> 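After the structure tokens below, expect a handful of questions from me.
Here the structure is a predicted model, which is why all the values come from computation and not from measurement. Numbered from 1 within each chain, the chains take letters A, B, ... in sequence-line order.
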Protein chains: 2
Amino acid sequence: MEHDDDPSRPATRWADAWRGVLFANAKVLRIAERDLVEREGFPVAWLDVLAQLYDAPGNALRMQELEERSLFTRSGLTRLVDRIEAAGLVRREPVPGDRRGVSVALTPEGRRRHDRAFVEHMRVIEREFGGRLTPAEQQAVADALAGFWHGDLESPTTAG
Amino acid sequence: MEHDDDPSRPATRWADAWRGVLFANAKVLRIAERDLVEREGFPVAWLDVLAQLYDAPGNALRMQELEERSLFTRSGLTRLVDRIEAAGLVRREPVPGDRRGVSVALTPEGRRRHDRAFVEHMRVIEREFGGRLTPAEQQAVADALAGFWHGDLESPTTAG
DNA sequence: TGTCAATAGATGCAATGTCAGTAATTGCGG
DNA sequence: CCGCAATTACTGACATTGCATCTATTGACA
């Protein structure tokens with residue numbers, strides 16, 4: 001992936017864009033991970049789960065819903081929730097209509113920890129990520145990549 | 001809902017930009033990981049190592065250099081190299097001047113596997129990532145995030 | 001009602017990653 | 001030359017993750 005600055009052949013810019021995503025993610029997340037563990041004693045994966053529950057109606061989600069929304073550890077969710085539950089931040093509850101299902105709910109303690117951790121986490125992200133971009137760049141990246149989250153991107157994988 | 005172009009309050013766009021980075025990375029990488037394992041029988045972490053060696057002068061790097069450049073698995077490099085070496089894709093060699101050191105070199109087989117894997121990997125990235133962005137968006141993201149890789153971003157972490 | 005595929009989670013095992021501690025080597029200061 | 005801190009890489013204990021499998025429950029249907 002060397003020389004393709006040629007204006008007649010702009011299609012290779014995605015490689016640099018991808019590299020940027022890769023590096024930004026890795027570097028910022030590494031710092032944020034360290035910081036969170038030091039301050040709060042739990043990793044970003046926990047905060048991800050807590051935040052999903054926080055945003056959910058009733059502060060609770062079924063395992064499967066959690067799995068769909070969670071960025072990290074698509075699998076292994078059972079044990080992840082085990083640990084968070086052991087720490088008292090969430091609680092498993094039976095689902096009224098379906099005896100197979102389990103609902104994971106935020107405990108009051110979990111909510112407190114979430115609030116504190118989230119604020120500090122965002123501060124770190126702002127310092128390490130947002131602060132390195134101009135407002136225009138922030139807007140551009142947000143617009144360009146919006147499709148990856150508020151969008152469904154199943155499509156092109158059908159053919160296996 | 002979309003109007004935050006307000007100059008008095010532009011600072012919140014980085015949150016959406018960050019979310020985009022997070023999601024794009026996670027979703028695209030997950031697909032690429034599966035694909036690579038299926039096709040080549042090794043994970044992206046291997047390709048990362050192979051690519052670092054490929055780009056290095058003499059197709060070789062010391063463990064520490066490898067660790068600094070590697071995006072994935074900052075730690076655990078010893079065992080990672082163990083595995084790749086066991087597969088015959090790299091070879092450990094003593095360093096002439098320093099008997100503590102170890103140089104990790106790409107084998108001919110490693111080079112072949114790298115070439116093939118890299119091409120296919122890039123194809124997947126293009127399909128899953130590049131293909132979802134317009135050329136203008138690709139350019140914008142590449143420009144905005146360039147600082148995270150060709151740049152040094154040590155600075156603001158000094159105070160711990 | 002009995003059978004069976006589908007769904008929701010959990011579990012076993014192997015692979016991988018993390019962290020602290022170890023061993024060998026180097027280079028400095030006396 | 002000798003002791004000692006720094007550097008380089010590895011090892012072992014342990015936590016986490018991924019994958020395939022397993023159990024329980026549900027819902028469709030004959």
> Under 3.5 Å, is there a donor-acceptor pair linking the side chains of B:R13 and A:Q139?
yes
> I'd like to know if B:R99 reaches the base of C:dT25 with its side chain, counting only an N/O donor and acceptor under 3.5 Å.
no
> Is there a donor-acceptor pair under 3.5 Å between the side chain of A:T107 and the backbone N or O of A:R91?
no
> Is the phosphate of C:dA10 approached by A:R100 (side-chain N or O, under 4.0 Å from OP1 or OP2)?
no
> Round to the nearest Å and state the distance from B:L77 atom CG to D:dT8 atom P.
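Result: 14 Å.
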> Look at all strands and tell whether A:R92 reaches a base, only sugar-phosphate, or nothing, counting heavy atoms closer than 4.0 Å.
sugar-phosphate
> To the nearest Å, how far apart are B:D48 CG and C:dG17 C1'?
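About 15 Å, once rounded to whole Å.
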> Using a cut-off of strictly less than 4.0 Å, decide whether B:R79 has a side-chain nitrogen or oxygen near OP1 or OP2 of D:dT11.
no
> Between D:dA6 atom P and B:Q64 atom CD, what is the distance in whole Å?
15 Å
> Any donor-acceptor pair under 3.5 Å linking the side chain of B:R113 with the backbone of B:E40?
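Confirmed, B:R113 side chain pairs with B:E40 backbone.
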> Check every strand shown and say whether B:G76 touches a base, only sugar-phosphate, or nothing at a heavy-atom separation below 4.0 Å.
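Touches a base.
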> Using atom CG of B:D98 as one end and atom P of D:dT8 as the other, report the distance to the nearest whole Å.
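Interatomic distance, CG of B:D98 to P of D:dT8: 8 Å.
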> Taking for each residue the nucleotide of DNA chain D with the nearest heavy atom, is it B:V95 or A:W46 whose nucleotide lies nearer the 5' end?
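Looking at DNA chain D, the more 5' nearest nucleotide goes with B:V95.
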> Expressed in angstrom and rounded to an integer, what is the separation of B:L61 atom CG from D:dA9 atom P?
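One finds 11 Å between P of D:dA9 and CG of B:L61, rounded.
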> Should B:D48 and B:R69 count as an ion pair when the cut-off is N to O under 4.0 Å?
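Not counted as a salt bridge, because no side-chain N and carboxylate O are separated by less than 4.0 Å.
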> Check the distance between D:dT7's P and B:E65's CD and give it to me in whole angstrom.
16 Å
> Round to the nearest Å and state the distance from A:L29 atom CG to C:dG17 atom P.
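Spelled out: CG on A:L29 to P on C:dG17 is 15 Å.
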> Please report, rounded to the nearest Å, how far the C1' atom of C:dA10 is from the CG atom of A:L80.
14 Å
> Of the nucleotides C:dT16, D:dT17, C:dG9, which one has an atom closest to the side chain of A:V102?
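Closest nucleotide among those given: C:dG9.
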> Determine: side-chain N/O of A:R34 to OP1/OP2 of C:dT18, distance under 4.0 Å, yes or no.
no
> Is the shortest heavy-atom distance from the side chain of A:E38 to the side chain of A:R34 under 4.5 Å?
yes
